[in-house]
Amino acid sequence: MRENAASLVSASNRQMELNIDSYLTKVEKASALLFSDSTSYTYDPSDESVDAYTKLQISNQINDNITDLGLLDNYADFAVIYSNDDVIGSLSKVTKDMYANGGMYDAFSKILEQEGDRDAWVFGLNGDTEHIYYFEQYNGHGIILISFYSRELKGVFQIPEQLNGMEVSLVNSDNLVLYSNDGGKIGSELPASTVSHLGSLRNGSVMADTVLITTDECSNGWRVICTVPASLIIQDNTRFMESTIFVILAVVAVILIFGVFETSRMNITANNYVDTLQEEAQHDRMTGLYNREEFHHMADSFMKEKPEGRTMSFSIFDMDHFKSINDHHGHLEGDDVLRRFSRLLSDTFGSEFILGRLGGDEFGVFGCMEIADEEGARKELQTYIKALRNRFTESLGRDYSADNLSFCSGTAIVHENDRDFSTVFSRADTLLYRGKQNGKSQDHFDDKESSAS
C-alpha cells in the first residue's frame, strides 16, 4: 500500500512540476518575444546622438509590445529598466517603492552577476514574499523585468480529491518556500526535518516514520515538494486492523472468514483508487483531454514506431485575448470557454488524432494520417483547421466578439530526421508565435503559411 501511495503521489507531483515548467516557460517566452526588430533591441535612452522624437517613437513601440504581450497573463511588473534608470512598461507600486531613490538597474545587474547568467528567477527581493521576479539582460544597457504574485500559482497546483490533506510547496535552491497551499508558510524555510529526510534527492520519494515526501525538480532548479501524512495513507488499513482485533477477541473462527472478506474488499478498493489516480495523472481534469506529460509520451511513442505509409504531424493552438474573458466575465466562464474549445477540437479532429491540453489556453493535436506524402498531409491538415476555425467563428467567436476572442495555430510535419517529439514541438511553437506577432487569428504550416482573419 505504501509503494502504491508513493507511486500515485509521485505521479501527481510530476504533473504539478510540468505545470510549473509550462508557467515559467511562458514568462521567459514573453521576455524573448519582446523585441521583434533590431531598432528596439539596440535602443539606448542615454545615447545623446539619437534625437528626442526618435527616442519617443522607439519608446512607444517597445511599450506597445509590452502591452500586447502582457495581455496574455496577469503580470504585476512587465518593463525594461535601462542603465540610466529609465523605465519603459509597467511597474507595480511595490517595486517602485523599493527603488524610490533610484539604483534599480544597478541592483538588478548585480543579481544577474551573482547568478552568473543572463537571466535569473528571484524570490524575496528586498524582503518581498508576495511576488516572484524574472530578470533577463538582453543587451549591454537594458534589463527586462517580469513579476507576478506568487498566489497566481494556485491554479497550477491541483490536488486530487483522494489526496486531500496533502501539503504542496514550491521551494528554491535555498529551501525557501515560494508557494504553498498552506499560505502561512510562504516566505519561510522548508522544515528542517523535511530537508533532512530528502537529503540530496532531487527527484523521487522518501517514506519516513510519519510522512511520505515526494520531490520533483523544475527546469530552473526549483522543486515541487509534496508531503502526505502516513495516517492519510493507511487510515483505511488502520480502521480494518482495529475491527479485526475486536472480532478476534470475540470469535477466532469468525475473524478468519471476516479477515479474508475484508482483505479482498480492501484490495479491490485500493485497485480502484490506483486506477482513478492513474486516470487523473494522464488527463487534464478540466477538459478531459490528455495532459501535457501524457500527450508528449504518446507522441514520442508514435514517432519511435515510424509507421509506414503514414505522415505524422503536430499542431499547437493558443487562444488570442483569452485573458479578457477572465477579466471581464470571471474565471468560471473562462474555464467554460476552455471546455468548449476542447469540444470543438474533439468534434473537428475526432478519435483519429491525439488531443491534449498543454497548459493554460494552449492545446495540442498530434496526427498519424494514412497519407504518404507531406504535401498531401499538409493540405488535409489545412482542411481540418479551416473547419475548426469555421466552427469557432460560429460559436465562441460569435459569443465573445466583443472580447475579440480568436486563436492562432502552428503546424509542423514530422520529418525523417526528427529524433524526438521535442524538436517537432519547438518548430510548431515557433510557427504559432509568428502568428501571435503578426496580428493574431493566424494559421502557419511549416514554411508555407496560411492565415485567417
Side-chain angles (χ1 to χ4, degrees), residues 20 23-24 26-31 33-35 40 43 45-46 55-56 58-112 114-115 119-138 141-156 170 172 174 176-180 183-188 220 222 321-331 334 360:
I20 280 290
Y23 193 99
L24 299 183
K26 202 159 192 176
V27 174
E28 293 172 354
K29 189 174 292 182
S31 175
L33 290 172
L34 179 55
F35 293 98
S40 298
Y43 174 62
S46 65
K55 287 183 178 181
L56 179 61
I58 297 174
S59 176
N60 287 339
Q61 180 180 342
I62 295 173
N63 193 68
D64 288 344
N65 288 344
I66 289 174
T67 301
D68 188 46
L69 290 168
L71 287 175
L72 299 175
D73 288 282
N74 190 24
Y75 297 132
D77 296 289
F78 194 168
V80 183
I81 319 300
Y82 290 95
S83 55
N84 63 349
D85 272 351
D86 274 8
V87 176
I88 299 178
S90 173
L91 288 180
S92 65
K93 183 178 184 302
V94 172
T95 304
K96 287 179 181 178
D97 290 346
M98 284 184 190
Y99 301 97
N101 297 323
M104 188 181 301
Y105 178 87
D106 289 340
F108 297 165
S109 181
K110 186 176 181 180
I111 290 172
L112 291 172
Q114 290 172 344
E115 292 292 328
D119 65 344
W121 285 95
V122 175
F123 177 75
L125 181 67
N126 293 337
D128 174 24
T129 58
E130 292 188 353
H131 296 81
I132 295 176
Y133 290 84
Y134 175 72
F135 303 104
E136 181 179 12
Q137 179 91 52
Y138 71 92
H141 44 263
I143 294 174
I144 298 173
L145 160 66
I146 301 178
S147 82
F148 55 87
Y149 286 98
S150 57
R151 63 173 179 264
E152 290 289 326
L153 298 178
K154 182 178 180 179
V156 172
L170 177 66
N172 63 11
D174 296 324
L176 196 64
V177 178
L178 317 185
Y179 173 83
S180 173
K185 294 186 178 180
I186 296 177
S188 64
N220 68 344
W222 293 351
H321 306 295
F322 176 71
K323 183 176 183 293
S324 177
I325 304 299
N326 286 334
D327 290 345
H328 297 151
H329 306 280
H331 286 272

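Just so it is clear, the model here is predicted, and its values are computed rather than measured.
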For V177 and N172, run side-chain contact (heavy atoms from CB on, under 4.5 Å): C-alpha distance rounded to whole Å, both residues' side-chain angles, the deciding distance at 0.1 Å, then the answer. CA-CA 7 Å; V177 178; N172 63 11; over 6 Å; no
Ignoring hydrogens, what is the shortest heavy-atom contact between E130 and D128? Give both atom names and the distance. N-OD1, 3.0 Å
All heavy atoms of A30 vs all of I146, minimum pair found to be CB-CD1, 4.3 Å
Would you give the length of the straight line joining atom CG of L145 to atom CD1 of I81, rounded to the nearest 0.5 angstrom? 5.5 Å
Step by step, work out the ring-ring contact (aromatic ring centres under 6.0 Å, His included) result for Y133 and F148. CA-CA 7 Å; Y133 290 84; F148 55 87; 9.1 Å; no
Close side-chain approach of F123 to I186, heavy-atom, < 4.5 Å: yes
Got a second to check how far D68's CG is from N63's CG, nearest 0.5 Å? 11.5 Å
Does F78 reach the side chain of L69, with side-chain heavy atoms less than 4.5 Å apart? yes
Fit a plane to each ring of F108 and F135, take the angle between them on a 0 to 90° scale, and name the class: parallel (under 30°), tilted (30 to 60°) or perpendicular (over 60°). tilted
Please report the C-alpha distance between N74 and E152 in whole Å, then the side-chain angles of each, then the deciding distance to 0.1 Å, and finally whether the side-chain contact (heavy atoms from CB on, under 4.5 Å) criterion is met. CA-CA 8 Å; N74 190 24; E152 290 289 326; 3.0 Å; yes
How far apart are the C-alpha atoms of L170 and S180, what are their side-chain angles, what is the distance that settles it, and do they pass the side-chain contact (heavy atoms from CB on, under 4.5 Å) test? CA-CA 6 Å; L170 177 66; S180 173; over 6 Å; no
Restricting to non-hydrogen atoms, name the atom on Y75 and the atom on G70 that form the minimum distance, rounded to 0.1 Å. CD1-CA, 4.1 Å
Scanning both residues in full, the closest heavy-atom pair of G187 with T129 reads CA-CG2, 3.9 Å
Can you find a pair of side-chain heavy atoms, one from S92 and one from D77, that are under 4.5 Å apart? yes
Using modelled atom types and a 3.5 Å cut-off, is there a donor and acceptor pairing between side-chain atoms of K55 and backbone atoms of P45? yes
Under a 3.5 Å cutoff, is there a donor and acceptor pairing between the side chains of D119 and Q137? no
Side-chain heavy-atom pair I88, Y82 within 4.5 angstrom cut-off: yes
Distance from L112 atom CG to Q114 atom CD, nearest 0.5 Å? 9.5 Å
Would you compute the distance between atom CD1 of I111 and atom CG of D106 and round it to the nearest 0.5 angstrom? 11.5 Å
Got L125 and M98 here, is their nearest side-chain heavy-atom distance under 4.5 Å? yes
Please report the interatomic distance OG(S147) to CG(L91), rounded to the nearest 0.5 Å. 8.5 Å
Is any side-chain heavy atom of I66 less than 4.5 Å from a side-chain heavy atom of V80? yes
Gap between atom NZ of K93 and atom CG of D97 - 0.5 Å precision: 3.5 Å
Looking at K323 and D327, is any side-chain nitrogen of the basic one under 4.0 Å from a carboxylate oxygen of the acidic one? yes
Between D86 and Y105, a side-chain donor and acceptor under 3.5 Å: no
Donor-acceptor check, side chain of H131 to backbone of G124, threshold 3.5 angstrom: yes or no? no
What class does the angle between the rings of Y134 and W121 fall in, given that below 30° is parallel, 30 to 60° is tilted and above 60° is perpendicular? tilted
Any side-chain heavy-atom pair from I132 and W222 closer than 4.5 angstrom? yes
